[in-house]
Every structure is written in structure tokens, then in C-alpha cells.
Q: 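The structure that follows is given in the form of C-alpha cells.
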Amino acid sequence: MSGLRERLTRHLKPGKGAEPADSRIPRGPAAGDSALEPADAYSGASDCAPALAEAGASPDDAEHGAFRPGGPEVATAPPAADPEAAEWAKLGAELYESAAGSFVRRVCTYPHDARHGRYRLDALHEHIQELEAFHPGAEPVHAEGLLFFDTETTGLGVGAGNVAFLVGIGYYEAGRFVVEQLFIRHPAEERAMLAYLEEKLAKFTHIVSYNGRTFDWPILQNRFILNRMRPDIDRLLHLDLLHPSRSLWKHSMPSVRLGKVEEAQLGYVREDDVSGAFAPELYVLYLAEGKTDVLRGVFVHNERDIVSLAALSALIAKYLADEEPLEPKSPGDLYRLGQWLLKMNRLPSAEKIMELGFSRLLEQAEEGRHAGGDLFLRYAAHYKKAGMRDKAVELWTRQIRQAGPAAAPHVEAYIELAMHYEHGCKDYALALELSCEALEVLRQRRRLLRRSGKAAEEEQRIAHRIERLQRKLRDCGKPARGSRTSPKPADLPGGTSRPAKSSGQAKSAAKPPGKPRPAYAADSLFDVPGGSG
């Protein structure tokens, strides 16, 4: 085990892991904003100091509240004749005895106004009812009914061989936020720990986790089954915050791991944190050597995860309540937020946010700041689905013009416009030009990239569209426009292509003079106010 310890201690920075400093207190970018001073509602720091000193902790531990237990069953000063209890007391933990057996329990409490990054832990209470959007029509959500849940396991699978050696839970109680951590010193203590957890689960209605639906919760269910226990846990509703995090930030962040979301969205930065990937190896090291100091970082990491779940729940609830500021958000951020709110059936808020994103996207385009990727296409798809074709046509057109002469536009923009002018405006000539241009762009890309089956199928579909449009033009007795099939990308910003006949133009003879046409029925598809030509 010496090699394992050396490798782990290099990661854990030797000298800090065993130091009884207030490493549990989270720190953020601004002093005072993210500091979480644990509160003991049952005994003050002075009451806790003798126990910590007798257990071998430094006076600084008592002063800063580091690893200080709290709650109705606070571990008292261990007797001098029990050295193992004294070792656990250094971590603020105790040996918990029950009728089912023993295990290690660590309890920490936070005052209701404690801050985690930019958010207070009690901020969730203000908009708690918004979380009912995750399970519409189900049992109402109350803050005291939420159980925040995270595990540290011996492996990454969900099979029978993976054991949750540390289960962290958090809940609101009597104006405080309580974190309990249940640890098994060896597999024989698992049943006692599960029996205690079963009793706790009976008091709650919802489970809140981060990727717990597919990992932590199935593991826990397996452990209950293997211990021949059948708790009534299927009634619990699950709020897995990984899924909204992916919807909101997957495309704007390099990773949506909880630690990264903390930094970018909660304003909380972990210092000297032990990665959860090292937890299994540290547990193996503890089993081999029996030294509790190697577990200090694991307990701290797990506790931070639980507290972050409470703060992240408050942020998600504020989004659902339309209370989170939108000023700093980009058009891409607003699009993802709007689409997520649509999925959560928050229609008025979603439409407001989509309109704000659409306006900011056009502002960027007018200022010459091109939107990255296919953002025009994404907004256009939304407005097409919503039946707002004028906005969709404008966005498809801007997607083509944005590419300019140096880059090939998205083929999808050409195809969508071709379908619009074929079926919506019955302008087969312009639809044919757009289809031919789409085929040309696709073939240009094929010369640069390896030919794929998907590209070949798309070429075939476009070719069939061109044949169909040519037949329609022949049936109408109208030739295709111009000597070339379509305007080149370099011509698009100037708008020199031939006029596009819209459905409004086709029926102009039957309409009273001066009646306004649709916004997208311009003289030229690529003309914009102030443009040349």
C-alpha cells in the first residue's frame, strides 16, 4: 500500500491532508460572499471546543468550527479509553450505535442565511413550488420534503459489486440546513447504515441529486435488495439536476460536472478539493491502514456536493419563476433557457426569453458580430414550429448571408427557404435556384471532406427536389430564371439576385392597391434596408 499512499499523497498535497485547519469552510472569489460558517444550533463553539481539544484537534478547529458536528445527536467528547472514537472525532464524526449495528456518522449544520457562492441556502424556500414543474400533477413540493443525496462508491458501475461506502444526505430542518454523512468502516456495517437511511427516507417526498437517477440511486436500490431490505422508496419523486444543467449549459461550458457548474453558475470555487475519482482509492487505503486522516478530503468533497445541490436547486427554481437576471446572457444562452422553459411548460416565460434572444441576435448581426455556429438555424426552427414564418425566413436568409464569400453556408438554410418558396409562395423558379445552390454547396464540402453515406443521401434528396421543381415549371410554362442557377455567396450581402415572387405578388392583381405584403415578401430575397443594389 505504500505505492498507493505515495501516489495519492502527491495529489492531496502532503502536509495539508492531516492538517486540522478549517478546510471544510468553502471559499469563493469574494471574501464573505461564499464563506459557509457552520452553525451549531444545539451547542456553541465554546461547548464544542473541549471535545475537539480532547480528541486531539487544535484550538483553531474550535474557533473556526472546522468539522464541528451539529444536530440533535451531536457526538460528545469520546472517552480516553476509546482511541478509535477519538480519531473519528478529529473529523467531527462519531461512532453511531443502533439496534441494527454500528457505523460512522458525521453531522454538520448551516444557518438558514448561510451563502454558497452567490446564493443563500434558504433562497429555495421563496420559489420552492416552481420545482413542481419536474413532476406536474404529482405531490406538492415543500422544502422540508426534499432530501439532497450523493454517494461515494467503490467503483463506477451500478452492479452488485459496487458499494456506497459513504452516503451524504442534506435536508432543511427548523431553520437550518443539515448535512449527514453515513460511513461504513467495513462491509459488515452496511446493513446498519441502510437501516438508518431507510428510517430517514420515510420522512421525505423528493430526492434531489446530480446524476443520481442513473448512478447513485440504482446503486442504493441494489444495496437494499442485496441486504434483503424492502423499503418503500419507489414513492419518492426524483429531481435530477444534471438534466436541466445539460439543457442550459452543455453548449456554453466545457463540462457540466457539478464542480464546473458551481464555478460558472453559482460563483463558488472549491479550494484543495479531493476529486471524487480518488474516493475509491482512498477508501482502499483506509481499509488497509485504518487511518482516518486519509478520508478527510472525501468527507469534505461529499459535503460540498450536498450543499451545492441546495444552492443549485435555488437557481433552477429562480429560472422557473422568471426571477433570474437576463442582462448578461448571450443569444445562445437565452435560446437554451427558452427551450428548456418550453420543455418545462413555462410558455409565457419561454416566449419572452426567446424574443429577447431573437432581438439580441439581430442586434449582433447589424453590428457585424456574427453569431457562432448554427444559432440562426436554431432560432429559425423554433419560429417555424411556432408558425411564425416571417421570422424564420429572415433568420434563414441571414444564416446564408452571414457566411460571406469565404465560407460555405449551411445547406439547411437553402433547403428551408426552398421549401418555403415552393409550398408557401408557389415561386418554383426561386425554389429551384435555392435548391441548385444547396446542391452546389454540398458538393463543395464533399471535395473538402470525406464522402459519407449521409451526404450522398442528402445529395439525392436535393436532386429529386430539383427534378420536381423543373417539372412544375414546365407544367406552368415558365422557364427557370437567369443563365446561372443561383446567386453566389459573394453576391448575397449586396442583394443583386433577381426579384423573388411571393404569394403576395402572385395575387396582387386581385388585391386592393396599397395593401401591405408579408415582411418576407421583399423585392429580392437577399435585400435588406440600406443594402446596395
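Just so you know, residue 1 is the first one in the sequence shown, and it goes up from there.
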Q: Take atom NZ in K260; do more than 12 heavy atoms of anything else shown fall under 6.0 Å from it?
A: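 At most 12 heavy atoms, drawn from other residues, nucleotides or ligands, come within 6.0 Å of this atom.
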Q: Write down the atom of Y171, the atom of L147, and the distance for their closest heavy-atom approach.
A: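 Here Y171 and L147 meet closest at CD2-CD1, 4.1 Å.
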Q: Considering residues, nucleotides and ligands other than E263, do more than 12 of their heavy atoms fall under 6.0 Å from its CD?
A: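 More than 12 heavy atoms, drawn from other residues, nucleotides or ligands, come within 6.0 Å of this atom.
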Q: Do the rings of W340 and Y319 sit parallel, tilted or perpendicular, given the 30° and 60° boundaries?
A: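 The rings of W340 and Y319 stand perpendicular, inter-plane angle above 60°.
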Q: Are the charged groups of K352 and E355 less than 4.0 angstrom apart, N to O?
A: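 A salt bridge is absent here (no side-chain N lies under 4.0 Å from a carboxylate O).
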Q: Identify whether the distance between the nearest side-chain nitrogen and carboxylate oxygen of D150 and R304 falls below 4.0 Å.
A: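 The answer is no: the pair does not qualify as a salt bridge.
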Q: Measuring only between side-chain heavy atoms, which start at C-beta, is E84 closer than 4.5 Å to D82?
A: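 Yes, close enough: below the 4.5 Å cut-off.
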Q: Tell me whether H301 contacts the main-chain N or O of V274 through its side chain, where contact means a donor paired with an acceptor under 3.5 Å.
A: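 Pair found, side chain donor or acceptor close to backbone of V274.
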Q: Looking at every non-hydrogen atom in both residues, tell me the closest pair between L334 and M354 and how far apart they are.
A: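 Scanning both residues completely, I find the closest heavy atoms to be O-SD, 4.4 Å.
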Q: So, for Y210 and V256, which heavy atoms are closest and what is the spacing to 0.1 Å?
A: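 Nearest pair, atom of Y210 first, then V256: OH-O, 2.5 Å.
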Q: Does the gap between the ring centers of Y286 and F165 come in under 6.0 Å?
A: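 No, the ring of Y286 stays outside the 6.0 Å limit from the ring of F165, centre to centre.
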Q: Are F149 and V167 side-chain neighbours, meaning at least one heavy-atom pair lies under 4.5 Å?
A: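 SC-SC contact between F149 and V167 confirmed.
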Q: Do H125 and Y172 make the cut of ring centroids closer than 6.0 angstrom?
A: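 Yes, ring centres under 6.0 Å apart.
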Q: Quick check: closest heavy atoms across G338 and I353, and the distance to 0.1 Å?
A: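 Residues G338 and I353, closest heavy atoms: N-CG2, 3.9 Å.
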Q: Looking at Y383, Y379, F358, F376, which hits side chain to side chain contact (heavy atoms under 4.5 Å, CB included) with E394?
A: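 For E394, the side chain to side chain contact (heavy atoms under 4.5 Å, CB included) test succeeds with only one of Y383, Y379, F358, F376, which is F358.
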Q: Does a sphere of radius 6.0 Å around CD in E199 hold more than 12 heavy atoms from other residues, nucleotides or ligands, not counting ones at 6.0 Å or beyond?
A: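 Atom CD in E199 is not crowded, with 12 or fewer foreign heavy atoms closer than 6.0 Å.
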Q: M229 versus R191: any side-chain heavy-atom pair under 4.5 Å?
A: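 Yes - at least one pair of side-chain heavy atoms lies under 4.5 Å apart.
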Q: Could you check whether any side-chain N or O of Q181 sits under 3.5 Å from a backbone N or O of F299, counting only pairs where one atom can act as donor and the other as acceptor?
A: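 Checked: pair present.
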Q: Should we count CZ of R230 as having more than 12 external heavy atoms under 6.0 Å?
A: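 Yes, because the 6.0 Å sphere around CZ of R230 holds more than 12 heavy atoms from other groups.
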Q: Salt bridge check: are R360 and E363 linked by an N-O gap of less than 4.0 Å?
A: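 Result for this pair is no, no salt bridge flagged.
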Q: Do NZ/NE/NH1/NH2 and the carboxylate oxygens of R235 and E139 come within less than 4.0 Å?
A: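 Judged by the 4.0 Å cut-off on N to carboxylate O distance, R235 and E139 do not form a salt bridge.
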Q: Using a strict 4.0 Å threshold on nitrogen-to-oxygen distance, state whether D293 and K291 make a salt bridge.
A: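 So D293 does not pair with K291 through a salt bridge.
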Q: Report yes or no: does R246 contribute a side-chain atom to a donor-acceptor pair with the main-chain N or O of W249 at less than 3.5 Å?
A: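 Side chain of R246 to backbone of W249: no pair is present.
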